[in-house]
Amino acid sequence: MNTLIVFCTTYGTTEEAAKRLSEMLAGNVKLVNLMKEKDISLEWADRVILGTSIYMGQPPKQLKAFIKSHESELLNKSLGLYLCSGVVADYEKNLENAYTQPLIQHAEKCSYFGGALKPEKMRFMHKNITKIMVKASEKDGIPLPKLEVSAIEKFARYFIEKGY
Ligand SMILES: Cc1cc2nc3c(=O)[nH]c(=O)nc-3n(C[C@H](O)[C@H](O)[C@H](O)COP(=O)(O)O)c2cc1C
């Protein structure tokens, strides 16, 4: 079984999730960072896992472009989808913004892997928005997002238990 994990990240959290997942899955696993690589071939893959972060309710444009040009191929492979984002309550809405309905319907497993805010890495605007988000979370007593390793393990276990 050859698995390609194709991900979009801005500050590395979705990449960290992809790396952790790659260490948990059985068979051959390769990673593709959509922010860096173009001309991606899916030919090698029996299974594709797509992962993205969310900014202002949307995934990066690179993910949208990738899905537009590869959707029919993705619908012919084993498929898993995940999100790294900050607001767990918005998971369903974010999933629908990130992926198309046919992909969501076709996916064997969709999951929320948590997220992380890394202000030390952020450009100015994102840093300011993060400050506002952190203050709002503190005020409402909502914990800040963190990468949910147990959710990644559960996702990996699903595919391992399928025996492929
Ligand atoms: C400027 C900014 C906007 C964000 N907007 C959203 C959002 O609309 N919904 C959400 O659930 N998370 C949002 N997040 C949280 C990110 O999706 C989360 O931090 C994610 O883990 C980032 O992953 P990355 O490091 O792979 O880019 C936002 C974060 C920042 C910094």
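One-based numbering, in listed order, for ligands and for the atoms of each.
Using a 4.0 Å cut-off to heavy atoms of Y11, the atoms of ligand 1 that qualify are 24 (P), 25 (O), 27 (O). Atoms of ligand 1 lying under 4.0 Å from any heavy atom of N94, numbered from 1 in the order shown and given with element: 9 (N), 10 (C), 11 (O). Under a 4.0 Å criterion applied to the non-hydrogen atoms of T130, ligand 1 contributes the atoms 31 (C). Close contacts between ligand 1 and T10 involve ligand atoms 24 (P), 26 (O), 27 (O) [criterion: under 4.0 Å to a heavy atom].
By the 3.5 Å distance cut-off applied to N or O atoms, D90 is not counted among the residues near ligand 1. Checking only distances, I54 does come within under 3.5 Å of ligand 1, N or O to N or O. In terms of N/O distances under 3.5 Å, ligand 1 is not approached by M122. The distance criterion of under 3.5 Å between nitrogen or oxygen atoms is not met by E15 with respect to ligand 1.
When only non-hydrogen protein atoms are considered, atom 1 (C) of ligand 1 lies nearest to H126 CD2, 3.4 Å. Among all non-hydrogen protein atoms, the one lying nearest atom 20 (C) of ligand 1 is C84 O, 3.6 Å. The shortest contact between atom 23 (O) of ligand 1 and any protein heavy atom is with S53 CB, 3.2 Å. Counting protein heavy atoms only, atom 5 (N) of ligand 1 is closest to M56 N, 3.0 Å. Closest protein heavy atom to atom 11 (O) of ligand 1: V87 N, 2.9 Å.
No side-chain heavy atom of E71 sits less than 4.5 Å from a side-chain heavy atom of Y99.
In this pair, Y82 and F113 present their aromatic rings parallel. The plane angle is below 30°, not in the 30 to 60° band.
Ligand 1 is approached by M133 to a heavy-atom distance shorter than 4.0 Å. In this structure, L117 counts as a contact residue of ligand 1, since one of its heavy atoms falls inside 4.0 Å of the ligand.
Side chain of Y11 to main chain of E120: no donor-acceptor pair is present (N/O by atom type, distance under 3.5 Å, no hydrogens or angles).
Between L63 atom CG and I54 atom CD1 the span is 8.5 Å, to the nearest 0.5 Å.
One option in F7, Y112, Y55 has a heavy atom closer to atom 22 (C) of ligand 1 than any other, and that option is Y55. Across A116, G57, A18, G86, heavy-atom proximity to atom 19 (O) of ligand 1 is greatest for A116.
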